[in-house]
Amino acid sequence: MNVSRRTVLATAAGAAVASAPAARAAEAADPLPDATARTLRAAADYAVEKIRTVAPGVTAFPVGTKFEKWTYSQNGDWVGGFWPGTLWMAWLHTKDDTFRELAVESARRLAPRQSDTGTHDLGFLFYPSWVTAWRLTGEDEWRTGALRAADSLIRRYNPRGRFIRAWGGLNDPNNAGRVIIDTMMNLDLLAFASRQTGDPKYLDIAVQHARTAGRVFPRPDGSTPHVFDFDPATGAAIGPATVQGYSPTSCWSRGQAWGLYGFTTMYRRTGERGFLDTARRLADFAVGALGADHVPVWDFRAPQQPHDIKDASAGAIMACGLLDLSVATGRADYRAVALRLLTALSQTCLTERSSRAEAVVARCTRNRPAEDGIEISLPYADYYLLEGILRVLRPQDVDRAIDLSSP
């Protein structure tokens, strides 16, 4: 572990001033066409009004829809951070304090999960909810809770293989050496913890995991498997596998999007060039795999693609990552693809034609191999669509919420 305290503190000191100019630079490099601005603004307005209508009846954490109505988890499962995160995005767009109050109320229900050492998903749970709450309110309870969650997450680190295990309790031998591409999105909670405490141990672990993932996940063409297994006792590599993709040699589109966004974030937090290079490889594959409609299929290498079922959530996540990557690389073409993704989702994947629908985004697929949630709505699709649109329309506001700073 060799990320220095100086690096951590320098990143923290620069965060407040680096991000807004970077966001403006990307915007200036590729001015937003009026028609695109109108489309994205209308989609954000639709999303906010849908959330305003549905929110009073939401008493737990949406996990997906059944017959267009939300189904819920009481403890949040792995997706609990996205509902309060969506409410925070709605507040940024409207400045309506009703959304702020609902976001606070929802986030507080996640408090018991701070000490959950049985999952790698603490970043998903606490970054869009508690870290965002701290950044937008300054109230220390949110910072303290997020730091406790980071302490729980680092307990899952395997120093022999230099990875954070994905699934199973700390003493459960099953899946003890299993790593998944999704974990790249949980590492920013650890970067946050190092910035806040001045203790490099959190970021050290995040960097070591990201280096391991960057070594074993990307194939020569930039595609990735969902899973990579290690021997937990020795740290020796075993090989690729999958749970939510078509096969170990396929490319599950949401996993590819998690990787693209996660490696770009790790570059932003560390300045380590290898993370940026990996993000670009993943991005270039994903962009090349998109069909003419710009809505990703659920797996870029499933036999029926490009005529297979869709996963709009992969498109929303990918758009956010590409907007980040455009700033990091200075390449306007990444931003252009992100805008096409957001426009396509806004024009073809919203629930506007349904009077029953409680979600914003349709055409999402949760787990195709398990036949679980085929082209339904998912809470992270709603969250990342709003995050992506507001990154374009209100970059300074989004920076306040999630920190868009670069090294």
Side-chain angles (χ1 to χ4, degrees), residues 1-16 18 81 110-111 113-132 134-135 140-171 176-180 182-216 230 232-235 262-276 278 402-403 405-407:
M1 298 184 188
N2 55 12
V3 177
S4 70
R5 185 180 299 269
R6 180 178 299 173
T7 298
V8 171
L9 296 179
T11 301
L110 288 172
R113 302 295 300 278
Q114 296 168 23
S115 57
D116 185 350
T117 60
T119 178
H120 73 122
D121 286 316
L122 292 164
F124 284 130
L125 288 168
F126 284 92
Y127 204 102
S129 56
W130 285 57
V131 173
T132 293
W134 178 74
R135 289 181 62 82
D140 196 58
E141 67 170 297
W142 305 113
R143 174 185 177 276
T144 300
L147 293 177
R148 289 196 189 106
D151 281 326
S152 297
L153 180 55
I154 62 173
R155 293 185 61 190
R156 300 183 64 77
Y157 181 65
N158 182 318
R160 293 174 294 279
R162 298 184 178 181
F163 62 80
I164 295 171
R165 67 176 289 184
W167 297 321
L170 296 180
N171 297 316
R178 178 145 283 194
V179 178
I180 63 175
D182 318 38
T183 304
M184 289 302 305
M185 290 293 292
N186 290 308
L187 303 182
D188 205 20
L189 179 66
L190 302 182
F192 169 80
S194 278
R195 290 197 305 276
Q196 290 302 308
T197 63
D199 187 339
K201 68 180 180 183
Y202 305 97
L203 186 59
D204 283 345
I205 287 173
V207 166
Q208 294 301 331
H209 177 94
R211 288 176 180 165
T212 299
R215 187 179 74 251
V216 302
F230 294 85
T234 67
F263 277 108
T264 306
T265 299
M266 283 301 294
Y267 170 72
R268 289 199 292 110
R269 300 306 182 218
T270 66
E272 185 163 316
R273 182 73 190 192
F275 298 149
L276 182 63
T278 300
I402 64 173
D403 185 5
S405 61
S406 296

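FYI, side chains are in, hydrogens and waters are out, and symmetry mates aren't considered; it's all heavy atoms of this structure.
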Legend entry - Chi angles and distances behind the side-chain contact (heavy atoms from CB on, under 4.5 Å) call for Gln114, Thr144: CA-CA 10 Å; Gln114 296 168 23; Thr144 300; over 6 Å; no
Please report the shortest heavy-atom distance between [X] and [Y], naming the atom on each side.
X	Y	answer
Leu122	Ser152	CD1-CB, 3.7 Å
Pro128	Gly123	CD-O, 3.5 Å
Phe263	Ala210	CE2-O, 3.4 Å
Leu189	Ala150	CD2-N, 3.9 Å
Tyr157	Gln208	OH-CB, 3.3 Å

Determine whether a donor-acceptor pair (N or O, by modelled atom type, separation under 3.5 Å) exists between the side chain of [X] and the backbone of [Y].
X	Y	answer
Arg156	Ile164	no
Ser115	Ala149	no
Arg148	Ala111	no
Tyr127	Ile402	yes
Asp121	Asn186	no
Thr278	Gly214	no
Arg165	Pro232	no

Quick check for you: to the nearest 0.5 Å, what is the distance between [X] atom [atom1] and [Y] atom [atom2]?
X	Y	atom1	atom2	result
Gln196	Arg143	CD	CZ	5.0 Å
Leu170	Thr117	CG	OG1	4.0 Å
Trp134	Glu141	CH2	CD	13.5 Å
Thr183	Phe124	OG1	CZ	8.0 Å
Asp182	Trp167	CG	CH2	7.0 Å
Met184	Leu187	CE	CG	5.0 Å

Legend entry - Ring geometry between Phe230 and Phe163 (parallel below 30°, tilted from 30 to 60°, perpendicular above 60°):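 Parallel, since the angle between the ring planes stays under 30°.
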Inset, instruction - In sequence, state the C-alpha distance, the side-chain angles, and the governing distance for Thr119 and Arg113, and then conclude on side-chain contact (heavy atoms from CB on, under 4.5 Å). - result: CA-CA 10 Å; Thr119 178; Arg113 302 295 300 278; 4.0 Å; yes
Legend entry - Among Ile205, Asp151, Leu203, side chain to side chain contact (heavy atoms under 4.5 Å, CB included) partner for Leu190: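 Exactly one candidate clears the test, Ile205.
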Sub-4.5 Å side-chain heavy-atom contact between [X] and [Y]:
X	Y	answer
Val207	Thr270	yes
Arg269	Asp403	yes
Leu153	Tyr202	no

Legend entry - Heavy-atom neighbours of Asp140 CG exceed 12 at 6.0 Å: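 Correct, the count exceeds 12.
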Inset, instruction - I would like to know whether Arg273 and Leu276 meet side-chain contact (heavy atoms from CB on, under 4.5 Å); could you show each step before the answer? - result: CA-CA 5 Å; Arg273 182 73 190 192; Leu276 182 63; 3.7 Å; yes
Legend entry - side-chain contact (heavy atoms from CB on, under 4.5 Å) evaluation trace for Leu147 with Phe192: CA-CA 8 Å; Leu147 293 177; Phe192 169 80; 4.2 Å; yes
